[in-house]
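What follows is one structure encoded as structure tokens, with my remarks underneath.
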Amino acid sequence: MSTKQINPSNLLNTDSLAELDSWIAKYPEGRQMSAVMAGLRIAQDQNGGWISDELIEAVAVYLDMEPIEAYEVATFYSMYERSPVGRHKISICTNISCMLRGSDEVVSHLENRLGIKLGETTEDGRYTLKEVECLGACVNAPMMQVGRSYHENLTPELLDSIIETIESGGSL
Amino acid sequence: MINIEINGQALEVPEGTMLLEAADNAAISIPRFCYHSKLSLAASCRMCLVEVEKMGKPLPACATPVGEGMVVHTRSPKAISAQRAVMEFLLINHPLDCPICDQGGECELQDVAVGFGNDTSEYAEEKRVVVDPDLGSLISTDMNRCIQCTRCVRFGQEIAGQMELGAPGRGEHMHIATYLRGSVSSELSGNVIDLCPVGALTSKPFRFHARSWELTHHDGVSLHDGLGTNLRLDVRRDELMRVVPRENESINECWISDRDRYSYRALKHADRLTQPQIKRNGEWQTVGWDDALTFAAESLQKIAKQHGAEQLGALAGGESTNEEYYLLQKFMRGVGSSNIDYRLKQNDFSDSVSDPSFPSLGQTIAELEKSDSVLLIGSDLRSEMPLIAHRLRKAVRHGRAKISSIASVDVDLHMKSSEQIVVAPGQIANALAAVAKSLTALGATAPAEYASVIDAVETNQQSEAIAKELKEGSATTVMVGAMAYAASDFAQIRQLAAAIAEMSDSKLALLDPAGNAVGATMAGAVSHRGVAGQEIEKAGMDWRAMMASGLKGLILLNTEPELDSADSATALKGLENSGFVVALSAFDSEQMRQSADVMLPIATTFESAGSAVNLEGTWQRFSAAVNPPGEARPAWKILRVMGNLFDINGFEYLSVDDVYTELQTACENIEYRPLSVAKVDSASTTATLQRIVAPSLYHNSGMVRRSDALQATESAAAAHKLRLNSATATKLGVVDEGEVTLSQGALSRNIKMELDESVTDGSFVLAAGTSESMGFGVDGQFEIGKV
């Protein structure tokens with residue numbers, strides 16, 4: 001394809017590239033493509049939680065693969081965001097176990113509290129609410145993921161305390 | 001061997017066979033969508049589910065290897081219910097638009113739904129809607145119809161070597177798309193139309209023009225390159241509606257290039273000549289055949305009488321049939337002139353005496369797949385012979401073959417290459433000498449004629465690596481391509497290539513850029529050889545010599561020399577200086593009206609019976625699929641009448657078969673004589689800015705140049721641009737320009753420019769066959785400046 005070639009070093013910073021290199025090293029030589037998921041995650045972290053088309057292409061070029069191949073991966077997994085998200089991404093599971101245990105209430109409570117609907121971001125750019133499929137914590141349903149941490153056996157009170165912790169700058 | 005049983009039939013099949021293949025070989029039909037024998041297994045459509053005894057669930061036949069004692073049922077209640085269920089799911093999102101779908105009547109989904117589906121659907125919900133990507137001028141998309149078999153995706157990855165289509169998204173949101181809405185540019189892209197089991201990908205030019213059941217099928221052969229691709233020509237009411245591949249495992253397998261698929265569009269081009277025309281007192285008049293032929297014959301006879309037959313010459317294009325070449329040379333030699341040449345894409349004839357009996361691949365096309373190592377010299381193989389490139393790609397993918405290239409452009413072969421040497425146009429010979437020298441270090445002896453040339457160069461890491469690959473491999477080939485043919489030091493390049501082949505025990509493949517070069521050579525349509533490659537008493541002039549001398553009488557067969565040849569300057573000047581010009585052409589053009597005195601309309605290869613020989617030496621015959629338009633006639637008939645008008649003996653042919661038999665008999669015992677060694681002095685150039693004539697996929701012949709679909713592609717557009725690297729552009733002070741002025745001698749023209757880092761320093765690429773390059777030569781002084 002005759003698209004102009006992107007130079008990965010212009011888009012990925014040295015820390016990201018070093019981390020990506022450490023992932024490439026985990027696979028046999030010539031299998032650098034296997035690091036695509038790590039690569040997209042690293043690019044997403046560097047970019048404040050979402051990954052642009054240029055970054056997808058940069059990862060692809062760096063791993064010597066076709067851009068469309070990296071794009072397939074980026075669009076397949078729901079962990080990759082392809083448009084900007086809030087600083088705190090709240091992913092609520094609404095699959096069968098969580099639904100039976102009241103995930104609808106979790107959704108409506110957070111929607112009311114934050115004033116946004118599922119799939120939206122608050123105006124101040126702090127929160128994004130996202131509906132996700134099973135995150136593998138059915139045993140303590142209903143659950144949600146905030147950033148990298150899991151929160152289980154959710155109740156309205158627990159939800160409020162989690163939000164307040166975030167508001168007060170505490171760590172989850 | 002493994003014993004299995006399918007539907008009660010005992011079979012013995014090799015280990016590792018999949019159930020579906022075993023069934024196919026035994027003519028037991030199992031429905032499938034994602035499976036294709038030339039592609040990797042996806043096992044994603046689940047249509048081929050069959051019951052295997054002692055297994056709990058039905059298994060996909062395409063991805064289940066045979067096992068000893070396996071008992072398989074493809075039509076048991078369990079298998080049928082599984083197939084029904086899959087069919088129902090596949091139809092959930094498939095629109096019921098068969099009446100307006102181009103695939104209707106030749107649709108795998110339709111056929112399988114009738115054979116294996118339910119009568120009605122229980123699905124009453126909404127169907128999904130997918131946005132159609134724009135894939136360019138060749139492929140039309142209706143993605144709602146897609147059943148996600150991913151054949152087109154795998155085709156790009158595995159066959160075209162360029163993954164342009166992908167399947168982003170997940171589950172119901174998965175769809176076929178290009179990256180960021182780019183179009184598809186592969187030279188083999190049209191094959192996804194044949195692969196697509198539904199009407200999601202269809203031919204854009206063919207769209208809404210005919211139904212498959214209205215078409216009659218005719219066998220055809222492509223003359224656009226030396227492969228001799230087998231075609232199926234689909235005709236409705238004497239109109240060629242489309243071209244699709246005809247399977248021939250030893251030549252084109254089941255593929256054809258886009259050039260072969262869409263060149264038929266030229267048949268209806270406005271330029272088509274349909275009436276004989278003659279120029280009288282500077283005015284063109286439409287006349288009958290008798291008048292035109294008499295006028296042509298009388299004028300040529302007068303020239304022969306007044307100035308001698310040596311003042312007559314003939315140029316033939318690269319895409320004529322054996323019979324046409326044969327009759328043209330028989331006519332010319334009957335008149336008494338050996339001035340005949342088809343080699344317009346070649347520019348250096350200084351070692352013509354050492355020519356092999358005919359150009360050859362040195363092996364069969366299929367054998368290329370078993371290559372260990374191939375060295376490409378001056379070849380952009382994908383643009384020259386797309387399916388030869390595909391065979392090499394297969395060798396790389398499956399056999400880990402090493403492909404190296406020596407050229408003035410860093411060619412993108414869409415396959416892993418080992419060494420790419422990119423040098424200035426005049427330096428190719430030196431790079432080859434370095435490889436030869438590296439071979440001497442490995443124990444080979446250089447031919448005496450070139451010992452000093454080879455000894456004079458320094459080896460380098462790359463030349464050593466190439467030499468090692470060629471020397472160590474057991475199936476190795478040295479290929480000489482179109483850029484080398486167009487070079488002004490072609491003879492030396494070819495001689496050194498032959499030396500390398502000899503020294504490394506490799507085959508030499510001369511990829512003559514004329515489509516039917518082998519047929520032309522065997523038919524004797526060259527100035528220095530007769531029929532069947534025989535030596536002749538007195539050689540005539542090659543095309544450059546003819547053009548340089550300005551003959552009194554010139555016959556053009558199926559060629560526009562100013563566009564077909566790489567050296568347009570010489571061609572144009574020659575046409576201007578030629579006296580009386582008779583053009584046998586399928587197409588009219590401004591230039592032809594200027595240079596010709598008679599225009600005789602001829603049939604294209606699709607409208608004429610004939611034969612061709614491909615680069616592996618296979619003779620292929622074909623008949624006319626449609627009638628030529630208006631008064632146009634097959635060229636062999638016109639040449640026969642010309643022979644009669646000149647009272648030349650042996651022109652009493654009743655049919656094209658007679659011509660074929662005569663030529664075939666003459667060639668029956670042809671013994672292949674390889675290229676012999678001849679000393680050629682190196683041509684040194686003092687030019688500071690050199691032109692590289694890269695082959696353009698879609699400008700190599702009059703027919704291809706007039707296909708609207710091909711001309712609308714990105715590849716065709718790229719050929720209209722002048723390309724050079726940013727270092728050269730900076731030096732010339734044009735790095736920020738979008739358009740530059742190219743000058744050579746008195747000719748100066750503004751041409752769009754594109755920076756391309758694959759071009760070597762101090763050179764620029766300008767393809768032949770375009771209006772931009774018309775009139776420019778190959779070598780000599782060029783200047784590039786601001787507009």
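A note on names: the letters A, B, ... follow the listed sequences, proteins ahead of strands, and every chain is numbered from 1.
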Just checking [X]: does its [atom1] atom have more than 12 heavy atoms from other residues, nucleotides or ligands closer to it than 6.0 angstrom?
X	atom1	result
A/D64	CG	no
A/Y80	OH	yes
A/E123	CD	no
A/E105	CD	no
A/E167	CD	yes
A/W50	CH2	yes

Next on the checklist: Are the side chains of A/E72 and B/M163 in contact, using a 4.5 Å heavy-atom criterion?
Outcome noted: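 They are in side-chain contact.
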Checklist entry - Heavy-atom distance under 4.5 Å between the side chains of B/Y179 and A/E57, does that happen here? => result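 The answer is yes; the side chains approach within 4.5 Å.
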Item to check | Side chain, backbone, both or neither of B/V184 within contact of chain A (heavy atoms, under 4.5 Å) | outcome: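 Contact with chain A is absent: no heavy atom of B/V184 under 4.5 Å.
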Item to check | Engaged part of B/A177 at the chain A interface, taking heavy atoms whose separation is under 4.5 Å | outcome: backbone
Item to check | Rounded distance (nearest 0.5 Å) linking atom OG1 of A/T75 with atom NE2 of B/H173 | outcome: 11.5 Å
Checklist entry - Taking atom CD of A/E66 and atom CD of B/Q162, what is their separation to the nearest 0.5 Å? => result 6.5 Å
Next on the checklist: Looking at every heavy atom in both A/I68 and B/L165, which two are closest together, and how far apart are they?
Outcome noted: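 Result for this residue pair: CG1-C, 4.1 Å.
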Checklist entry - Where is the tightest heavy-atom contact between B/G169 and A/F76, given as atom of each residue plus distance? => result O-CD1, 3.8 Å
